[in-house]
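Just below is one structure, and these are the notes that go with it.
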There are 2 protein chains.
Amino acid sequence: MGRRDTRQRQAIRGVFLDVDRPLTPDEVLERGQARVPSLGMATVYRNVKLLADEGWLAEVELPGGGMRYELAARPHHHHFVCRSCDQAFDIHRCPESVEEMAPAGFEVEDHEVILYGRCPACV
Amino acid sequence: MGRRDTRQRQAIRGVFLDVDRPLTPDEVLERGQARVPSLGMATVYRNVKLLADEGWLAEVELPGGGMRYELAARPHHHHFVCRSCDQAFDIHRCPESVEEMAPAGFEVEDHEVILYGRCPACV
DNA sequence: ATATGTGCAAACTCTTTGCATGGAG
DNA sequence: CTCCATGCAAAGAGTTTGCACATAT
């Protein structure tokens, strides 16, 4: 299970340490190439998956496209998705007793709350 | 803007009238072919989009794959997604004041609450 | 020295589109 | 009889995988 510390992997980790919101693979590639220009999309996909398996990143499945990733270390929170620029932002509040909404017979493991609208930059 | 009442379109509408949860295009195809065996995937995609544009279906963007569709006439509700069978179910309760969770500067238009876990059939 | 990681390109999956044929009006 | 709708197959977008080369250890 030897993990090598390549420039590419460093760059990708650096990208996530610099932002406070979930990123799409595209966003990771663009920001990563600012650090390692030769960085390829396949490497991004392989590494975010790897870092997620290791528990360093968390997968965030927001509607409207594919998976996004963010630092796993962040405390419980939810997301706001801007319908204009498609960026996702963190929301640090959580409605109480959400998980009690499930009907009897359903076993709840987790929950997600997503707000849609326009972010300050797009209003 | 003449809409023709084809067997295929009837079949697709019939499929949605028979279920009380959001369906993926795949699920629509499978159930639709029980009514019109020759039904093709392209027709499913074209018609759910059409019915959604007309306001008869609502698009439901749940994580884990593409768009799902359900009858637009249903009252406000949220969803439970089973991690085992990937089916989505309706939940007819909604936490209060969800939309007030957004930080200042964010303009909320809409919200979605998703519970993850195992449905009764998969527990 | 060795085997993991990278980059490219091909393969895949899901969705959309072009085109000839079919069928509703 | 007209067009809109369908079915097929090809084209796109996003993601994954195979393979030869590069490089961290």
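Every chain is numbered from 1 and lettered A, B, ... according to where its sequence line falls, protein lines coming before strand lines.
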Practice item. Mind jotting down which residue pairs meet the side-chain hydrogen bond (donor to acceptor under 3.5 Å, both in side chains) criterion with at least one end in residues 29-43 of chain B? Sequence neighbours excluded, please. Key: B:D18-B:R35
**Study point:** Residue pair A:L57, A:F16: steps toward the side-chain contact (heavy atoms from CB on, under 4.5 Å) verdict
**Key:** CA-CA 9 Å; A:L57 284 180; A:F16 282 101; 3.7 Å; yes
Check your understanding: Got a sec, which residues hit salt bridge (charged side-chain N to carboxylate O under 4.0 Å, His left out) with B:D26, two or more places apart in sequence or on another chain?
Key -> none
Revision key, fill the gap. Rounded to whole Å, the CG-P distance (A:L50 to C:dG5) equals 7 Å
Check your understanding: Pairs in or reaching into residues 17-48 of chain A: which pass ring-ring contact (aromatic ring centres under 6.0 Å, His included), with residues at least two apart or in two chains?
Key -> none
Exercise for review: Only counting residues at least two apart or in another chain, list the ones meeting salt bridge (charged side-chain N to carboxylate O under 4.0 Å, His left out) with A:E27.
Suggested key: A:R21
**Study point:** Interface residues of residues 26-45 of chain A with DNA chain D (non-hydrogen, below 4.0 angstrom)
**Key:** A:A42, A:Y45
Review point. Within this structure, what is the CZ-to-P distance between A:R13 and C:dG5, rounded to whole angstrom?
Key: 12 Å
**Study point:** With B:R93 via salt bridge (charged side-chain N to carboxylate O under 4.0 Å, His left out) - residues at least two apart
**Key:** none
Exercise for review: Just do the side-chain contact (heavy atoms from CB on, under 4.5 Å) check on B:L50 and B:N47 with the steps written out, would you?
Suggested key: CA-CA 5 Å; B:L50 207 82; B:N47 276 291; 4.3 Å; yes
Practice item. Treat primed atoms plus P, OP1 and OP2 as sugar-phosphate and everything else as base, then score nucleotides 20-25 of chain C 5' to 3': B for base contact with protein heavy atoms under 4.0 Å, S for sugar-phosphate contact only, - for none. Key: ---BBS
Exercise for review: Tell me, please, which residues at least two apart from B:E109 pass side-chain contact (heavy atoms from CB on, under 4.5 Å).
Suggested key: A:R83, A:R118
Review point. Rounded to the nearest Å, what distance is computed from the CG atom of residue B:D53 to the P atom of nucleotide D:dC4?
Key: 17 Å
**Study point:** Protein-nucleotide distance (B:R9, atom CZ; D:dT6, atom C1'), rounded to Å
**Key:** 10 Å
Point to revise | Set of side-chain contact (heavy atoms from CB on, under 4.5 Å) partners for B:E100, sequence neighbours left out | key: B:S97
Check your understanding: Quick one: A:R68 CZ to D:dT15 C1', roughly how many Å, whole number?
Key -> 16 Å
Practice item. Keeping to residues at least two apart or across chains, list the salt bridge (Lys or Arg N to Asp or Glu O under 4.0 Å) pairs with something in residues 62-75 of chain B. Key: B:R68-B:D86, B:R74-B:D90
Revision key, fill the gap. B:N47 atom CG is separated from D:dC4 atom P, nearest whole Å, by 15 Å
Atom pairs, protein N/O to nucleotides 10-12 of chain C N/O, distance under 3.5 Å:
none

Review point. Whole-Å distance between C:dT6 C1' and A:Q8 CD?
Key: 6 Å
Practice item. Respond yes when some side-chain nitrogen or oxygen of A:K49 is under 4.0 Å from OP1 or OP2 of D:dT15, and no when none is. Key: no
Practice item. Would you list the pairs meeting ring-ring contact (aromatic ring centres under 6.0 Å, His included) in which at least one residue belongs to residues 84-123 of chain A, sequence neighbours left out? Key: A:H76-A:H111, A:H77-A:H92, A:H78-A:H111, A:F89-B:F106, A:F106-B:F80, A:F106-B:F89
